[in-house]
Amino acid sequence: MASPATTRTVRPLDTLRFDTSGPPQITGVVADHLRLLGARTDRGGPAGHGQAPAAGTTLTGGGFEPAHATAGWADPASGLVDEATVQAATGMMAVHGRRDGTPRGLAVDYAATATAVLTVQGLLANLVGQARGGAAARVTTGADRAGLLAVSQYLAAAGADEGEAADIAPGGPPFTSADGILFELETLDPGAWAAFWKALEAPGEALRTGWRPFQFRYATACAPLPAALHATARSHDWDRIRRAAAVSGAEVCALRSLADRAAEHDGAAPWFLTPAPGGAAPGGPGPGRTPLPTAARPLAGLTVLEAGRRIQAPLAAHLLGLLGADVIRIEPPGGDPLRGMPPACSGISARWLALNRGKRAVEVDIKAEADRDRLREMAAHADVFLHNWAPGKAAALGLDADDLARVNPALVHAYTSGWAGRLDGAPMGTDFMVQARTGVGEAARPEGEIPAPSLMTLLDVLGGLLGAEAVLAGLLLRERTGRGVRVDSSLLGAADTLTGPALRRAARGENPRRPAGFRHPLATADGWIAPADADARAAAGHDLRGLPTGEALSRLREHGLAAAAVTTELSDLHHDPRFAGSIGRDAHGAPAVPDPWSFV
């Protein structure tokens, strides 16, 4: 059994060392995060720049047995060899391309970034398990699993008993003003939506029919808005549009460039860990009170209270549940209204199930003092309290980190927000607004294309992954210090993590965007194929439009070029031999993707 506790620990990986090698798209992020968490490397230069097909990482020291993690692109038999082929096979290109009507690759290394965060999660979970009396384990994950996790909500909807609530058809923001400003619009209120467009004198029928596709764009990854709304935006200058937003209660955000974001970037970590003063209360639920059962997952016996909505916090809690925690979901009286969001499986939203299956639910009216007292009593016996309420709401309710530390000094209090309070005057902290403000809209598309935030919920998903990583870091810090921890993560941190390579190029004065045509799939007679990034230029020299997809792939392979068929229908993933046996169905019949890691 490890004996890692030390009162001198400031960061969770202080006194530990790491070594990593493999694909730099994965190991670069792994190395950055391990350093930020306190680990050191013996390498003289940047870690993680080898070219092995799989990334291997080892953490040693601190009184722990060595922790090992392996992360690759996919099973070698699948033919998925890099970011482009993983995006193609897992359905990411199909979902991201819905706005355009054809599959389209993300110009950022999304699958690799998610894989890196999952790798760090696995290492941290390994150490938490060791600190609680468990054995060391080797963690394995892959970019194919990360890709499936990224599209899990869309996959669940594709396998539901009914159709989507809104049409899946090309179209969506951003809008363009008369003076050429590209901008995002955000509101969760249909009244504010209508007031905004009325202030701009949009046709009444257009604003009425436009609300539903706009409202459900988070779910469908597209928004076929009436052309009249885009025409209305183009007829007014930016000052008029901002005034319309101010009087209506809607919010607008001009798309910022990567150079803009690089110039203001403060270099902050994607999360913050703040140890609570003092230590665990005698006899409380702090470190050592819940020893790990034999052969259990690393968080078995720990309790997570989750008061989250939409994607970010629920996904973070879902991952903690997959690692063994007992997740208790705090829902309003009558239950989470998103349970009824179509499409449904056995009467429950398939998309909701993708993030919340396996959780227990407790209804709590946080507006009532008696129920807030009940929630404090639950927190007194929990290990983690996780929420994504609006800024300031937890403090107003008396449920902030300081408040709950009074009843449980060993609690890990986790807040997954939009901006983490790091940007003055920031707009509403939703996925598409953060994409617009941070240059993700430019990074997601290659040179020569109009910037546009992806309507695939890139930052909500990556933000959820970072939230789970931060909670695991907080749990490890608690085990090593005996003190509770406040944990803050954000969509802003997710954006900066995802665009890190592009921001560094911009800071050096280089063009931060990928070259024109980057990760554009090639059409075949009956579908699409995506060449590996290294082979894309050579593959583009072959005319494949008259060949069936299988023959097109064979022709490229005869020339030594790697490529993958693009999944265009997510429901086909169930029968795709590249993921044989890995996609199942839950008790409600909803598609369920595999756990993102294995512990051996």
Side-chain angles (χ1 to χ4, degrees), residues 91-104 106 150-176 184-194 196-197 202-234 250 310-311 337-345 347-355 430-433 435 441 444-445 450 452-458 460-461 521 527-528 566-573 590-591:
M92 292 176 64
M93 285 188 176
V95 176
H96 173 59
R98 285 179 179 177
R99 176 213 300 274
D100 300 285
T102 58
R104 183 177 291 264
L106 287 159
V151 302
S152 60
Q153 302 163 72
Y154 307 101
L155 172 60
D161 300 333
E162 58 187 11
E164 283 281 10
D167 291 339
I168 295 180
F175 301 95
T176 307
E184 272 288 340
L185 168 68
E186 184 65 279
T187 178
L188 307 179
D189 177 7
W193 162 268
F196 173 79
W197 289 111
E205 180 63 19
L207 71 86
R208 285 190 293 272
T209 58
W211 168 247
R212 191 170 185 83
F214 179 84
Q215 176 190 21
F216 282 99
R217 70 198 191 285
Y218 287 90
T220 60
C222 59
L225 301 171
L229 295 184
H230 285 284
T232 297
R234 287 193 298 269
R310 287 185 174 264
I311 299 172
L338 293 181
R339 287 176 181 265
M341 182 180 184
C345 283
I348 301 177
S349 169
R351 190 169 283 105
W352 188 91
L353 286 168
L355 300 172
T430 59
D431 189 311
F432 307 140
M433 294 294 263
Q435 284 195 55
R445 290 177 174 254
I450 296 174
S454 176
L455 289 178
M456 180 177 168
T457 50
L458 301 182
D460 275 337
V461 170
W528 302 83
V566 177
T567 296
T568 55
E569 296 292 337
L570 297 188
S571 56
D572 292 343
L573 288 170

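These figures come from a predicted structure and were not determined experimentally.
- Residues Glu162 and Pro342 come closest through the heavy atom pair OE2-CB, 3.6 Å.
- Residues passing the side chain to side chain contact (heavy atoms under 4.5 Å, CB included) test with Ala158 are Leu570, sequence neighbours excluded.
- Considering only heavy atoms from C-beta on, Pro103 stays 4.5 Å or farther from Thr567 through its side chain.
- By the side chain to side chain contact (heavy atoms under 4.5 Å, CB included) test, Ser571 is found to be paired with Glu569, residues two or more places apart in sequence or in another chain being considered.
- Residues Tyr154 and Ala221 share a closest heavy-atom pair of CE2-CB, 4.0 Å.
- For the atom pair Phe175 CZ and Leu225 CG, the distance stands at 5.0 Å (nearest 0.5 Å).
- Distance CG/Leu188 to OG1/Thr430: 7.0 Å, rounded to 0.5 Å.
- One finds the CZ atom of Arg98 at 11.0 Å from the OG1 atom of Thr568 (value rounded to the nearest 0.5 Å).
- The distance from atom CH2 of Trp197 to atom CG of Leu229, rounded to the nearest 0.5 Å, is 5.0 Å.
- In this view, Arg234 satisfies the side-chain hydrogen bond (donor to acceptor under 3.5 Å, both in side chains) rule with no residue, not counting sequence neighbours.
- Side-chain atoms of Arg217 and Phe432, non-hydrogen and from C-beta on, do get closer than 4.5 Å to each other.
- With sequence neighbours excluded, the residues that form a ring-ring contact (aromatic ring centres under 6.0 Å, His included) with Trp211 are Trp193.
- Residues forming a side chain to side chain contact (heavy atoms under 4.5 Å, CB included) with Pro337 (at least two apart in sequence, or on another chain): Pro332.
- Taking every heavy atom of both residues into account, Leu455 and Ala223 meet most closely at CD1-N, 3.9 Å.
- Residues forming a side-chain hydrogen bond (donor to acceptor under 3.5 Å, both in side chains) with Thr220 (at least two apart in sequence, or on another chain): none.
- Summarising the geometry of Ala228 relative to Pro203, their closest heavy-atom pair is CB-CG, 4.0 Å, with the distance given to 0.1 Å.
- Between Pro190 and Gln215 there is no side-chain heavy-atom pair separated by less than 4.5 Å.
- Between the side chain of Thr187 and the backbone N or O of Ala250, no donor-acceptor pair lies under 3.5 Å.
- In this view, Arg212 satisfies the side-chain hydrogen bond (donor to acceptor under 3.5 Å, both in side chains) rule with no residue, not counting sequence neighbours.
- Legend: residues meeting side chain to side chain contact (heavy atoms under 4.5 Å, CB included) with Asp161, ordered by chain and number and at least two apart, are Cys345.
- With sequence neighbours left out, Asp100 forms a side-chain hydrogen bond (donor to acceptor under 3.5 Å, both in side chains) with Arg104, Arg445.
- Between Gly172 and His230, the shortest heavy-atom distance links the atoms O-CE1, 3.5 Å.
- Within the 4.5 Å cutoff, no side-chain heavy atoms of Arg310 are placed close to those of Asp460.
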Table please: side-chain donor-acceptor pairs of residues 163-171 below 3.5 Å, with sequence neighbours left out.
residue : atom : partner : partner atom : Å
Glu164  : OE2  : Arg351  : NH2          : 2.8

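- Between Leu106 and Met92, the closest side-chain pair of non-hydrogen atoms falls below 4.5 Å.
- Taking Phe196 as the reference, nothing meets the ring-ring contact (aromatic ring centres under 6.0 Å, His included) condition, with sequence neighbours excluded.
- Here the CD1 atom belonging to Ile348 is positioned 13.0 Å from the CG atom belonging to Leu338, to the nearest 0.5 angstrom.
- A 4.5 Å side-chain heavy-atom check between Leu185 and Phe214 finds at least one atom pair inside the cut-off.
- In this structure, Pro226 and Ala206 approach most closely via the heavy-atom pair CG-O, 3.5 Å.
- A distance-only check finds no donor-acceptor pair linking the side chain of Gln153 to the backbone of Leu355 [under 3.5 Å].
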